[in-house]
Amino acid sequence: MPELPEVETWRQLAERSAVGAVIEQVHSADDRKIFDQNHPSSVSRKLKGRTIVATHRIGKHFWMKLDSGDDLYIHFGMTGSLHVLDPEEEAPSHIKLDLMLSNGSRMVYRNMRRIGKVRLVPDITVIPPVSTLGPDPLEQGIALKDLQECLMVRKGTIKGILLDQNVFAGVGNWIADEVLYQAKLSPHRTGTSLSPSDVKRLRTCLMRILNKAVAVDADSSKFPKTWLFHHRWGKKAEQDARGDAIQFDQVGGRTTAWVPARQL
DNA sequence: CTCAGTGTTCAGTG
DNA sequence: TCACTGAACACTGA
C-alpha cells in the first residue's frame with residue numbers, strides 16, 4: 001500500500017506534529033526483523049530525551065533528524081503506517097515504535113506483516129538503500145533529457161524500469177500501472193522502444209498522478225474517477241471507467257493491470 | 001487449505 | 001561489472 005504519496009502524507013503529518021517536540025517516552029517492539037541493525041532497547045535508549053528537528057523523504061523512504069545528529073529511519077514496507085494519536089485515543093495493534101512527545105501527541109509506527117525497517121544511524125543518506133535511490137520526482141524532479149537518455153539504453157520492460165527505485169524513487173506497483181495506463185503505453189514495451197514523445201508523455205503522467213495523489217493526502221477515494229486505480233483491484237476486475245477490458249499479466253515480477261485496447 | 005499481494009533484497013543467469 | 005529475472009521474506013484475508 002504505501003507508495004510515494006502515502007509516505008509523503010505521513011512525512012507531512014510528522015512535520016507538523018513532531019518537529020520541535022522532545023521524545024519523552026519510547027517503546028520499541030522486541031522485533032529483530034524490524035529493528036535489524038540496532039537492538040530495539042538501544043533505539044529506545046538513544047531516542048529518549050532527544051528533540052525531533054526535521055523530517056525527510058526520498059521515494060518511499062522516510063526519516064527524522066534528531067538533535068543528537070542521528071537519523072531515525074523508518075521504512076514502511078508493504079503494511080507499515082504512521083499515526084499520531086491523542087492521549088486518550090486507543091492505539092492500533094502491531095505497533096513497532098511508540099513515541100510519547102512533549103507536546104502531548106503520541107506518534108506510533110505500525111507494521112502488521114513485519115516487512116519494514118527502523119534504523120538509527122548518523123546519516124542515512126550516505127548508506128544504501130537511500131544513497132543509491134534515483135531522483136524523487138517531487139523533491140528533485142525528473143529532467144526530460146536525463147530520462148530519455150536513461151530509457152534509451154534499457155532493455156527491460158517499462159513496467160520494470162518504473163519499479164526500479166534507482167531510476168524513479170517512490171513508484172510502486174499501482175502507480176506504475178496508473179502511469180502506463182494514462183500514458184497509453186503497454187507495460188510490455190521496452191525502454192529502448194519508446195519514442196521521445198512516449199517518454200515525454202510518460203513523464204507528464206507520472207508527475208500529474210503523484211501531484212494529485214499527494215494533493216488529496218493519498219486518500220484514494222478522492223482520486224479522479226477516470227483512474228484505473230478504482231477498477232484494478234480484486235481478481236475479477238473486468239473493465240475500466242470507459243468499459244474497456246482490463247487484463248492481468250505478470251510483468252516486472254508483479255501482477256500488472258492494464259487495458260490492451262488503450263495501451264500500445 | 002492454498003495463495004495473492006504489498007516493497008526490497010539477494011541469488012542466479014546472461 | 002552490469003542488467004535483468006525470479007524467489008524469498010511475514011502475515012492476513014479471500
Taking the side chain as everything from C-beta on, heavy atoms only, tell me whether [X] gets closer than 4.5 Å to [Y].
X	Y	answer
A/Ile246	A/His231	yes
A/Asp36	A/Lys117	yes
A/Leu138	A/Val214	yes
A/Arg113	A/Met78	no

Interface residues of residues 110-119 of chain A with DNA chain B (non-hydrogen, below 4.0 angstrom):
A/Arg113, A/Ile115

NZ/NE/NH1/NH2 to OD/OE distance under 4.0 Å, [X] and [Y]:
X	Y	result
A/Asp198	A/Arg189	yes
A/Arg57	A/Glu139	yes
A/Lys159	A/Asp177	yes
A/Asp70	A/Lys46	no

Which whole-number value in Å describes the distance from A/Phe62 CZ to B/dG7 C1'?
18 Å

Testing the 3.5 Å rule here: is there a donor-acceptor pair between the side chains of A/His188 and A/Asp249?
yes

Any N or O donor-acceptor pair under 3.5 Å from the base of B/dG7 to the side chain of A/Arg254?
yes

Are A/Tyr109 and A/Phe76 an aromatic pair, judged by ring center distance below 6.0 Å?
yes

Counting only side-chain nitrogens and oxygens, does [X] get under 4.0 Å of the OP1 or OP2 atom of [N]?
X	N	result
A/Gln165	B/dG7	no
A/His61	B/dT8	yes
A/His75	B/dT8	yes
A/Thr255	B/dG5	yes

Could I get the full list of side chain to side chain donor-acceptor pair (under 3.5 Å) partners for A/Thr192, not counting sequence neighbours?
A/Thr190

Determine the sole option in A/Trp227, A/Phe229, A/Tyr181 for which the side-chain contact (heavy atoms from CB on, under 4.5 Å) test with A/Ile209 is passed.
A/Trp227

Quick one: does any side-chain atom of A/Asp136 pair with a main-chain N or O of A/Gln140 as donor and acceptor, under 3.5 Å?
no

How are the rings of A/Phe223 and A/Trp174 set to each other: parallel, tilted or perpendicular (split at 30° and 60°)?
tilted

Can you list, in residue-number order, the parts of residues 133-148 of chain A that come under 4.0 Å of DNA chain C, counting heavy atoms only?
none

Per the under-4.0 Å heavy-atom filter, residues of residues 216-229 of chain A near DNA chain C come out as none

Evaluate the side-chain hydrogen bond (donor to acceptor under 3.5 Å, both in side chains) criterion for residues A/Asn111 and A/Thr79: first the C-alpha distance (whole Å), next the side-chain angles of each, then the deciding distance (0.1 Å), finally the verdict.
CA-CA 6 Å; A/Asn111 200 323; A/Thr79 56; 2.7 Å; yes

Show me the protein contacts with nucleotides 4-6 of chain C, counting only N or O atoms at under 3.5 Å.
unit_1, atom_1, unit_2, atom_2, d
C/dC4, OP1, A/Lys155, N, 2.4
C/dC4, OP1, A/Gly156, N, 2.8
C/dC4, OP2, A/Arg154, NE, 3.4
C/dC4, OP2, A/Arg154, NH1, 2.6

Terminal axes of the helix from B/dT2-C/dA14 to B/dG14-C/dC2 (five pairs each): angle between them, nearest 10 degrees
50°

